[in-house]
Enquirer: 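I'd like to ask you about the structure that follows.
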Amino acid sequence: MSSVIVAGLVSGSIYALIASGLSLVWGALGVFNFAHGALLMAGAFVAWFVSDPAGLDLGLTAGVLTSMIFMIAAGGVLYVLLVRPWLGKPAAELTVIMTTVAGAMFLENLALYTFGARLKALDQVVTGTVSVAGTAMQAQNLLVIVLAPVLLGGLALFLKLSKHGLAIRAIAQNDEAARLLGIRIERTYFLTFAVSALLAGVAGVMIGGLFNITPSMGSDPLLRAFLVVVFGGLGSLPGTVIAAYLIGLIEAASSYYIGIYWTPVVLFSVLILVLLVRPNGLLGRAP
Amino acid sequence: MTNSDTILAVKGLGKSFGSLVAVDDVSFTIRRGEILGIAGPNGAGKTTLFNLLSRNPIVADRGHVIFDGQRIDRLSPHRIFRAGLARTFQKETAFFKLTVAENVRLGAVYGAGLRGAAANAAVNAALEMLELTPLKHQEAGALTVYGTKRLMIASAMVASPKLLLMDEPASGLNTIEQAELKTLILRLRDQGTSILLIEHILPLLFGVSERVMVMDFGRKLTEGSPAEIARDPRVIDAYLGGVNSESAHAA
Amino acid sequence: MSLPSTPLRLAAAVVVLLLAILLPFVVTGGAAKNLVVLALLFAVVASNWDLTLGYAGIFNFAHVAFFGIAGYVSAIATIYFGLPVWLDIALAVAVVAVLAGVTAALALRLRGIYVALVTFAFVQLCVALIISQKWLTGGAVGLVGVPDLALFGHRLSPSGPDYLILAELLLIASTVFLRFLVRSDFGLSIVALRDNEAYAVARGISATRQRVLAMVASSLFTAAAGAVYAHYLIVASPDVFSFSLTTLILSMVLLGGGATIYGPIMAAIALTVVTEQLAGFGVVRFMIIAVLIVLTLRFLPGGLWSLGERLTVLRRNSKQGIGA
Amino acid sequence: MQLEVESLRTGYGRIEVLHGVSLFVNAGEAVGLFGPNGHGKTTLLRAISGLLPAAQGTIRFDGRNIANGSADAIVEAGIIHVAQASALFPRMTVFEALTLGAYRKAAWPHRKATLEKVFAIFPRLAERRSQNCRTLSGGERQMAAIGVGLMAMPRLLMLDEPTLGLAPKIRQELARQIGLVAQTGTSLVVVDQDVDLLLGLCERLYLIENGMVALEINDRSELQHQDIVQRYFGTAA
């Protein structure tokens, strides 16, 4: 029982970080970034390359910090190359899906080309096991469970209190009114992508510490994030986060009680049910 | 209750968006073969009223709509058109990548259920009526503003609607085109189509309507002949604010 | 929707037909033939996807799953139930058509991007399902042993020209079907819905009905191609559902040009051949293709087909002395 | 002259809405614009604030041509446009929206002091500070929209139909509050249908008709009510 909850909270934390980045970009720009999973993978690879003895061997702290800086830049570059040229053009939504799919293809194969297909693992930030309320768990799991809400809380504060965080929300809610306040749309879009990529990078480092690092490691979490977003509705941070933890827990419970092979069936059924009952997402707003 | 003389009867229609009541308990009727004008300041709820009547893209919270003796406030929007209630849109609207004839053909095939030669004949007749025949093979995107407006009307008329809702047909037209439009509206009416007309250009609206309904704050303010409406101090207030109502009375 | 003039089109048709007749005689080498069979089958998949993605403007990402599921239906029907060949293809088409209809009816309750997300999730869950239900599907290895097709007692031989001819016939039939469809009133109606739904509905077009029909129509030849593909490879494999195949076929639709039918067909053939030519580059070829996709979308938004159209227009203009 | 618009032509797509508008605003002055709907008042404000490119003509602010400048550069110059019936930011609190109003570089460091001034003019916003904008009544929304505009410490504030759809009582309250804004020395351009309200607030009025300035009124006694009714309603009146 308690191990199910731990597993659910760990997945939920990771999904929440991934999905909130997707949701943020969707809210502000109205496009969906299919390369988000590949960004996550890139973040994990950079951290691995900088920290691992097989790479630069600079230690985990340097690896994680480099990865975070890299992610901010990568998000910005991705925006400039794969999103900005098509914004405001007809069928921008569809075209950006394509360009970001192509971007994901590029990044994944670049990783494959550069680092090979052999599995890699990132050192854990903390090692050993700890016991919380009578439940033993890997310390890294606990770190993920604690760190994700802290980061999401930080994101919420950034969006509520800072000038640029407010600007991101303003563009999402009424971009004309935002322009009339002097908000630089372009710069804010860039920032939104950078923040979103940073969150993906954190998720990548977390996954890298718990599981393996591979060029395709981003696609499964991205798929779960899709489910989360369908569940929670796009554009509302609390809805996305709640849905992420729900999916994480459902997945963990079904793997434990029904069997891991049936988890896709369970998720599938849940998805269809949501579509039938609440087409705007379980927690989503009517358009 | 409607008698056979009434083409449309609207009772207690209402719609709210959050705390804002966009259309508030609006009731009115249109007689067969009549042009009923709708006037009112910006944001009075006129276009919202059209959206509710055609259930496209929003549906009413309250009230009912009886069209040609049949309740239509539960029908899906494409069935409302098939039932004979057609609307136009305020913005320039067309299937811009299709040809003029193809635009009209869709109304004939999917609205009136026509096929083959019957559809072709209906399309040609509608194009002729709206003076679009020479342009029939052009892409709709190449039309002028007035051309697009006529195409929008043609794609409705091809299904011989009993009632046509026109949303600001004169916006963006020059004065010559406005004069042509006026003749056109009257001609449509003379051919037996009842018309519900929203128009900001009041001289045009007053010039063609038998009766005019004025809306303000989502409500029906008043209704009467154009001459009565133009003299009504409440209407003048609605447009100009609380200006010198006395001098208006004196006039 | 400008197309070349009628005599030009007729000439093109004759050339294509001649090529089709010559192809089985020219391409005889094993590897080359295999490549052409794949290219032709992918052309069927890509051009049918164009119906929903390009013409109807539905963000449907489930299309490649129709191709894959048809293969599994064929494999299961023949291997477990001993259904005669050909009949299994018909069954696959029927099952996939129903599935496409149900998927469409469910997914189209949503709008825009949500359709993309749900259909994408649908594909990924299909593959998860297939891999997890090993007893039926053979799991990650796939279901091996799909029998060869046979005609009048003659087994279609994978080494001879048989499958090449079959793939050609399939592509020709599919293309005739698609062209007929998009030029019909039905075709006009889905384009109308794509370009302005509120207006289309206000002219009597049922949005749900037409879009579900479009999804079903696009699934028919896709499913047939999927079943033939399984027979040809004698295996139904979960690889078909992979992200990279989806991306590859998607890029065929886009590089060829949406809403043209012919564009995706040409791009499918070109891209299959180019991918093969780049095989020496290993994984770098996918990076090259990714860059090509982005550059095409940037500088040729209408795809390769629009390049052809532009050239036609240019030539026509220069003939009339306008372009000079 | 603080703002000077000269022979401005612009519109949407193929439709030209303004056919050569010329007008000016002096520093510290309040100017009213009125006229029938759909004749270009909002379009004019959109062109000045950089939402809409000018096809022809000039817009000078402090002598510098700002026509076709970007919206953010125009805000930085000090022109703030409060859009019509603004829903503002539905899922932001009043406080957040007001804070964001000070986004302009010159205004951001002073946002706390400006907020106090805004609350002094619109005490109701102080009461509603932690409510979402979506839940505000029509009158409160207008106050919030104007308050957000004031947070930018504008040199010229343009209000588009601030009293649209409001009941007479709230209209009066709002008119008084806009009067308070005018007293702070901020130049004002007010678009409204309520000519009485404009007469009470503004030194000068322009009648915009058919995308042109049809009349400039420097003295309220010049305003012939009957003439205006005639223009709005045509010969039927």
Side-chain angles (χ1 to χ4, degrees), chain B residues 50-51 53-58 75-99 101-116 119 123 137-141 148 151-159 161 164-165 167, chain C residues 1-3 5-6 50-51 53-57 105 108-112 179-214 257-261 263 301-303 305-306 309-310 312-313 316:
Chain B
F50 271 21
N51 290 344
L53 292 177
S54 59
R55 288 171 60 87
N56 185 1
I58 51 166
L75 291 185
S76 44
H78 65 275
R79 291 193 190 283
I80 291 179
F81 180 70
R82 291 177 190 176
L85 193 160
R87 71 170 292 182
T88 67
F89 294 85
Q90 190 178 343
K91 272 177 49 184
E92 271 188 272
T93 303
F95 307 117
F96 291 112
K97 294 205 181 112
L98 303 184
T99 66
E102 285 171 336
N103 265 268
V104 177
R105 183 174 176 85
L106 284 169
V109 173
Y110 289 96
L114 300 175
R115 292 283 183 274
V123 170
H137 296 301
Q138 274 195 21
E139 267 191 20
T148 313
L151 179 57
M152 200 171 10
I153 297 170
S155 70
M157 293 310 294
V158 73
L164 183 62
L165 313 184
D167 195 352
Chain C
M1 303 199 154
S2 61
L3 274 170
S5 57
T6 315
D50 194 21
L51 187 65
L53 205 63
Y55 284 92
L108 294 176
R109 292 166 62 86
L110 306 171
R111 307 259 128 213
R179 288 304 303 177
F180 166 76
L181 219 54
V182 299
R183 294 161 70 94
S184 70
D185 291 330
F186 172 78
L188 293 183
S189 76
I190 57 175
V191 170
L193 282 167
R194 176 194 70 190
D195 287 347
N196 191 334
E197 177 169 344
Y199 184 38
V201 164
R203 291 299 173 262
I205 300 170
S206 164
T208 315
R209 183 172 176 274
Q210 300 306 96
R211 287 196 176 128
V212 169
L213 283 177
T260 61
I261 302 293
W305 185 252
S306 75
E309 281 190 354
R310 276 187 217 179
T312 320
V313 172
R316 202 182 298 151

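These numbers come from the heavy atoms of this one structure, side chains and all, not from hydrogens, waters or symmetry mates. The chains referred to below are lettered A, B, ... by the order of the sequence lines, with proteins before strands, and numbering in each begins at 1.
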Enquirer: By a 4.5 Å heavy-atom criterion (distance strictly below it), what part of B:Ala159 contacts chain C: side chain, backbone, both, or neither?
Expert: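 Looking at B:Ala159, nothing touches chain C.
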Enquirer: Which bit of B:Ser155 comes within less than 4.5 Å of chain C, counting heavy atoms only: side chain, backbone, both or neither?
Expert: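 Looking at B:Ser155, backbone and side chain both touch chain C.
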Enquirer: Select, from B:Ala156, B:Pro57, B:Gly107, the one with the greatest count of heavy-atom pairs under 4.5 Å involving chain C.
Expert: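 If we count pairs closer than 4.5 Å to chain C, B:Ala156 comes out on top.
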Enquirer: With a 4.5 angstrom heavy-atom cut-off, which part of C:Glu197 approaches chain B: side chain, backbone, both or neither?
Expert: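 Interface part for C:Glu197: neither.
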Enquirer: So for B:Ser54, is it side chain, backbone, both, or neither that comes closer than 4.5 Å to the heavy atoms of chain C?
Expert: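 No part of it gets close to chain C.
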Enquirer: Quick one: does C:Gln210's side chain get under 4.5 Å of B:His78's, heavy atoms only?
Expert: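 No; the side chains remain at least 4.5 Å from each other.
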Enquirer: Could you have a look at C:Ala207, C:Ser189, C:Ser206 and say which one has the most heavy-atom pairs with chain B under 4.5 angstrom?
Expert: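 With the most close heavy-atom pairs to chain B, the winner is C:Ser206.
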Enquirer: For the residue pair B:Tyr110 and C:Arg203, establish whether any side-chain heavy-atom pair is separated by less than 4.5 Å.
Expert: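 No. Closest side-chain heavy atoms not under 4.5 Å.
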Enquirer: Taking only residues two or more places apart in sequence or in another chain, which ones pass ring pair (Phe, Tyr, Trp, His ring centres under 6.0 Å) with B:Phe95?
Expert: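 If we apply the ring pair (Phe, Tyr, Trp, His ring centres under 6.0 Å) test to B:Phe95, skipping adjacent residues, the hits are C:Tyr199.
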Enquirer: Closest heavy-atom contact between C:Ala198 and B:Asn56?
Expert: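 Looking at all heavy atoms of both residues, the shortest contact is O-ND2, 2.8 Å.
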Enquirer: Which atoms form the tightest heavy-atom contact between B:Arg87 and C:Ala202, and what is the distance?
Expert: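 What the structure gives for the nearest pair is CG-CB, 4.3 Å.
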Enquirer: Not counting sequence neighbours, which residues clear salt bridge (Lys or Arg N to Asp or Glu O under 4.0 Å) with B:Arg105? List them please.
Expert: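 Counting only residues at least two positions away or on another chain, B:Arg105 forms a salt bridge (Lys or Arg N to Asp or Glu O under 4.0 Å) with C:Asp185.
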Enquirer: Find the distance between CD1 (C:Ile205) and CG (B:Leu106) and round it off to the nearest 0.5 Å.
Expert: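 These two atoms lie 4.5 Å from each other.
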